[in-house]
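Please read the structure below before turning to the comments.
Note that the structure is a prediction, hence the values are computed from the model and not measured. Starting from 1, each residue takes its place in the sequence as its number.
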Amino acid sequence: MQPIYFDHNATTPVAPEVLAAMLPYFSDHFGNPSSVHAAGAEVADALARARSSVARLIGARSPREIVFTSGGTESIQTALRSALALRPKARQVLSSSLEHAAVLAPLDDLGRHGFEALLVNADSEGSVEIDRILNLLDSDSSRAQIAFVSLMAVNNETGVVTDIEALAQVAAACRTSEIPFHVDAVQRAGKLPIKVADIGCDLLSISSHKIYGPKGCGALWVRPGFKLSPLLLGGPQEGDRRAGTENTAAIVGMGAAAEAAMTYLADEDARRQTKALRDHFENGLLAALPGTRVHGGRSVRVDSVSNLGFEGASGEAIVMLLSEYGLCASTGSACSSGNHGASHVLLGMGLDVERAQGAVRFSLGRTSTQTEVDRALELVPRAVNELRSLAP
Ligand code: PLP
């Protein structure tokens with residue numbers, strides 16, 4: 001039997017139409033898009049179409065605002081580098097303690113080079129304390145010191161959404177002080193609509209493999225007029241903003257994935273179906289397993305994610321046993337040392353280490369089915385009860 005895959009926040013499968021769009025760019029259309037001859041020009045045209053699709057997915061005014069990268073991590077780090085170059089005297093970076101490691105690890109590294117990361121926590125339901133961010137941006141002394149602000153639009157572990165109005169408030173405060181503001185929209189794109197103009201940020205990152213495109217490809221949206229400092233120097237690709245011959249097949253795939261994502265987002269029934277499956281799954285487990293909590297359950301969440309804490313069993317052990325039973329899920333990402341495998345996101349929400357260690361993230365996808373959910377509702381209680389019976 002095929003394993004049930006409930007780990008779409010880690011990565012999604014490449015959609016069949018995406019694969020079909022990509023394949024000719026490994027064979028017939030192999031030209032270098034920078035070449036002036038016909039073999040290059042046809043690939044350059046395909047990249048232009050993909051750029052336009054990705055631009056539409058996030059409501060960019062022009063495809064020129066899109067820079068293709070190797071993924072969310074590179075997009076984020078290009079954003080950070082650009083901000084530091086624009087504000088060389090500022091020594092602080094403002095973000096939240098719930099960010100992905102692609103943000104937190106470079107901030108940690110900057111800490112060894114004379115910078116300070118101001119990391120705002122979240123409330124117990126996983127919503128970042130936006131007022132604290134706004135307060136910091138409101139004070140003259142801290143404002144002068146802040147080089148960069150970065151916030152995620154949707155948390156990868158809990159699925160909790162930072163609402164667009166809150167992000168827009170941060171953007172407005174940043175604009176007043178000319179502090180570059182970046183939004184990590186890797187987990188929002190393709191799950192909920194997002195329009196850069198509604199936020200008013202300077203930079204926004206997305207990733208192809210979270211939207212049913214190939215891995216190793218992403219995009220950074222750059223506000224017109226914002227001066228980007230490329231991470232990679234060399235050729236004139238991507239409008240002199242990201243050197244290196246483009247990953248052409250992957251970019252074509254990301255364009256096709258963006259088109260498919262727009263179709264999904266416009267399909268109310270499909271989105272309702274995802275939410276109905278997730279809710280059925282979550283409610284089924286809450287009923288079957290006393291001592292189960294939903295992390296971030298009272299916040300607005302994306303429709304596909306359920307982060308659950310099971311008392312008396314470790315998340316890691318549950319995930320391993322479920323894998324044996326044929327269900328793929330994950331624990332949170334333990335990105336900082338010293339937290340004994342507990343998720344930094346859950347710790348940032350105020351959970352104690354033991355509770356955070358009991359968490360499992362289930363993330364459904366566009367192709368998840370009722371049959372899979374029903375089977376998962378047998379497997380998860382079986383795994384949790386088995387582990388609970390072994391606990392001292
Ligand atoms: N930001 C968030 C919120 C993510 O979930 C991820 C990947 O899990 C990334 C950034 C990094 O993206 P990529 O894997 O494309 O480098």
Side-chain angles (χ1 to χ4, degrees), residues 58 60-61 64-67 69 72-121 128-153 162 164 166-186 196-206 218-233 238-243:
I58 56 171
R61 270 176 297 258
R64 279 194 298 275
E65 295 163 21
I66 302 296
V67 176
T69 64
T73 303
E74 186 189 322
S75 298
I76 291 165
Q77 277 161 53
T78 306
L80 174 61
R81 181 186 165 90
S82 303
L84 297 184
L86 283 174
R87 288 173 69 83
K89 294 209 179 94
R91 279 289 172 271
Q92 291 177 333
V93 178
L94 177 55
S95 189
S96 90
S97 58
L98 270 56
E99 301 301 305
H100 190 270
V103 171
L104 293 179
L107 297 194
D108 200 39
D109 184 54
L110 280 177
R112 289 186 279 278
H113 297 93
F115 286 82
E116 184 190 5
L118 307 173
L119 299 180
V120 166
N121 267 338
V128 174
E129 294 172 344
I130 293 290
D131 286 348
R132 289 205 47 218
I133 299 209
L134 293 173
N135 283 344
L136 285 163
L137 290 170
D138 202 28
S139 118
D140 283 343
S141 54
S142 46
R143 206 164 40 210
Q145 271 305 312
I146 296 172
F148 181 57
V149 179
S150 186
L151 288 177
M152 67 202 325
T162 300
I164 298 292
L167 293 173
Q169 279 180 299
V170 175
C174 285
R175 207 163 34 245
T176 312
S177 312
E178 296 182 4
I179 302 171
F181 177 39
H182 165 260
V183 173
D184 173 356
V186 166
V196 284
D198 293 345
I199 302 176
C201 52
D202 299 291
L203 302 150
L204 181 136
S205 297
I206 62 171
L220 177 64
W221 171 81
V222 185
R223 173 178 61 71
F226 184 91
K227 191 175 177 318
L228 203 70
S229 295
L231 209 54
L232 303 180
L233 303 172
E238 295 300 304
D240 274 325
R241 293 171 299 177
R242 201 268 186 183

Would you say the side-chain atoms of Q145 pair up with the backbone N or O of R91, donor to acceptor, closer than 3.5 Å? yes
Given side chains that start at C-beta, do those of V183 and M152 come closer than 4.5 Å, heavy atoms only? no
Test log, rule side-chain contact (heavy atoms from CB on, under 4.5 Å), inputs Q77 and L231: CA-CA 8 Å; Q77 277 161 53; L231 209 54; 4.2 Å; yes
Given side chains that start at C-beta, do those of I199 and F181 come closer than 4.5 Å, heavy atoms only? yes
Taking the side chain as every heavy atom from C-beta outward, state whether R223 and C201 have any pair of such atoms under 4.5 Å apart. no
S177 side chain vs I179 backbone, donor-acceptor pair below 3.5 Å: no
Among all residues two or more places apart in sequence or in another chain, which pass the salt bridge (charged side-chain N to carboxylate O under 4.0 Å, His left out) test with D109? R112
Rounded to the nearest 0.5 Å, the OG atom of S96 sits from the CD1 atom of I130 at a distance of 8.5 Å
What's the spacing between H113 NE2 and L84 CG if we round to 0.5 Å? 12.0 Å
S75-T69 side chain donor-acceptor pair, cut-off 3.5 Å: yes
Indicate the atoms forming the closest heavy-atom contact of L136 with I146, along with that distance. O-CD1, 4.4 Å
Checking side-chain contact (heavy atoms from CB on, under 4.5 Å) for the pair E74/L232: CA distance, chi angles, key distance, verdict? CA-CA 10 Å; E74 186 189 322; L232 303 180; 4.2 Å; yes
Measure the shortest side-chain to side-chain distance between I58 and I66 over non-hydrogen atoms and say whether it is less than 4.5 angstrom. yes
Hey, is the main chain of P224 close enough, under 3.5 Å, to the side chain of R61 for a donor-acceptor pair? no
Out of V196, D202, L203, which one pairs with V222 under the side-chain contact (heavy atoms from CB on, under 4.5 Å) rule? L203
4.5 Å side-chain heavy-atom contact, F115 and L107: no
Main-chain N/O of L151 paired with D184 side-chain donor or acceptor, under 3.5 Å: no
When you compare the side chain of V120 with that of R132, does any pair of heavy atoms fall below 4.5 Å? yes
Look up atom CG in L118 and atom CD1 in I133, then write down how far apart they are to the nearest 0.5 Å. 9.5 Å
Donor-acceptor pair, side chain of T176 and main chain of A172, under 3.5 angstrom: yes
Going by an N to O cut-off under 4.0 Å, is there a salt bridge joining R87 and E178? no
Working to the nearest 0.5 Å, report the span between NE2 of H182 and CH2 of W221. 11.0 Å
Dump the intermediate steps for side-chain contact (heavy atoms from CB on, under 4.5 Å) on L137 and C174, then the final yes or no. CA-CA 7 Å; L137 290 170; C174 285; 3.9 Å; yes
Does some side-chain heavy atom of S229 sit less than 4.5 Å from a side-chain heavy atom of R81? yes
Okay, side chain of S97, backbone of L119: is any donor-acceptor separation there less than 3.5 Å? no
Rounded to the nearest 0.5 Å, how far does CD1 of I164 lie from CD of Q169? 12.5 Å
Does the side chain of T78 reach to within under 4.5 Å of the side chain of V67, using non-hydrogen atoms? no
Taking side chain to side chain donor-acceptor pair (under 3.5 Å) as the test, write out the residues that go with R241, two or more places apart. none
How many angstroms lie between CG in L86 and CZ in F148, if you round to the nearest 0.5 Å? 10.5 Å
What are the two closest heavy atoms between A83 and A147, and how far apart are they? CB-O, 3.6 Å
